[in-house]
2 protein chains.
Amino acid sequence: MNHKELIAGLAEKMGLSKLEVTSLLDATIDTFYEELGEGKTIGIQSFGNFEVRKKEERLSVHPATQVRTLVPPKLVLNFKQSSILKDKLKDTPRNEK
Amino acid sequence: MNHKELIAGLAEKMGLSKLEVTSLLDATIDTFYEELGEGKTIGIQSFGNFEVRKKEERLSVHPATQVRTLVPPKLVLNFKQSSILKDKLKDTPRNEK
């Protein structure tokens with residue numbers, strides 16, 4: 001489900017136009033950017049937590065040439081699922097495989 | 001920012017009541033559950049992709065007792081940030097530390 005399909009699906013479910021859903025989704029993502037940009041965690045009930053974590057710099061060695069490169073530190077958005085989501089996923093048919 | 005603060009923030013930004021935002025957020029999470037439950041990936045432009053991944057069963061050894069336990073396979077919701085989000089985070093003050 002890509003961005004376009006998500007908007008169409010939400011519009012149908014919410015009884016709103018795609019344009020309205022788009023602006024709602026944009027406002028949500030804006031809020032996420034603002035919060036995460038300040039290093040704050042975002043918790044969504046029954047879904048999970050978003051948190052920015054810093055990955056420290058590290059030395060990478062090229063397997064073939066043995067050339068060492070310093071990989072600079074970077075910020076990564078980490079998602080930790082809630083226990084409710086975990087339980088929901090457990091019941092999905094995919095788990096039977 | 002917890003669930004309640006997120007709803008208050010979104011309500012203010014969108015010019016909607018908290019009740020309206022709550023039902024919108026619930027509908028969004030419902031859609032996520034449905035899609036992810038079917039093993040589908042969800043892509044949100046300029047944010048990232050959500051994908052359910054199966055973690056295989058593994059043998060865990062207790063460090064002190066050496067007792068081996070089989071950890072059953074489980075489904076985990078994985079989030080991969082988009083390159084746009086990556087760039088945005090790069091510019092946050094937190095990266096200067």
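Excluded from the calculations below are hydrogen atoms, water molecules and symmetry mates; all remaining heavy atoms, backbone and side chain alike, are included. Computed from a predicted structure; not experimentally measured. Convention: sequence-line order gives letters A, B, ...; per-chain numbering from 1.
With a 4.5 Å cut-off on non-hydrogen atoms, A/V21 does not touch chain B at all. Using a 4.5 Å cut-off between heavy atoms, A/E34 touches chain B through its side chain atoms alone. Interface residue A/L85: backbone and side-chain heavy atoms are both found under 4.5 Å from chain B.
Residues of residues 56-66 of chain A having a heavy atom under 4.5 Å from any heavy atom of chain B: none. Among the residues in residues 10-17 of chain B, those with a non-hydrogen atom closer than 4.5 angstrom to a non-hydrogen atom of chain A are B/L10, B/K13, B/M14, B/L16.
In the hydrophobic clustering of ILVMFWY residues, with side-chain heavy atoms under 4.5 Å counting as a link, B/V71 and B/V52 come out apart.
Options B/L77, B/N78, B/N2 differ in how many heavy-atom pairs under 4.5 Å they form with chain A, and the most are formed by B/L77.
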Side-chain donor-acceptor pairs of residues 23-31 of chain A under 3.5 Å, sequence neighbours excluded:
from: A/S23; atom 1: OG; to: A/E20; atom 2: O; distance (Å): 2.9
from: A/T28; atom 1: OG1; to: A/L24; atom 2: O; distance (Å): 2.8
from: A/T31; atom 1: OG1; to: A/A27; atom 2: O; distance (Å): 2.9

Tell me, with the steps shown, if A/M1 and B/E35 meet side-chain contact (heavy atoms from CB on, under 4.5 Å). CA-CA 8 Å; A/M1 184 180 238; B/E35 285 293 305; 3.3 Å; yes

Yes or no on side-chain contact (heavy atoms from CB on, under 4.5 Å) for B/L89 and A/Y33, after CA distance, side-chain angles and deciding distance? CA-CA 8 Å; B/L89 291 179; A/Y33 276 150; 6.0 Å; no

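To the nearest 0.5 angstrom, B/L36 atom CG is 6.0 Å from A/F47 atom CZ. Annotation: the span from A/H3 atom NE2 to B/I42 atom CD1 amounts to 12.5 Å, rounded to 0.5 Å.
Under the side chain to side chain donor-acceptor pair (under 3.5 Å) criterion, no residue pair touches residues 41-50 of chain A, with sequence neighbours excluded.
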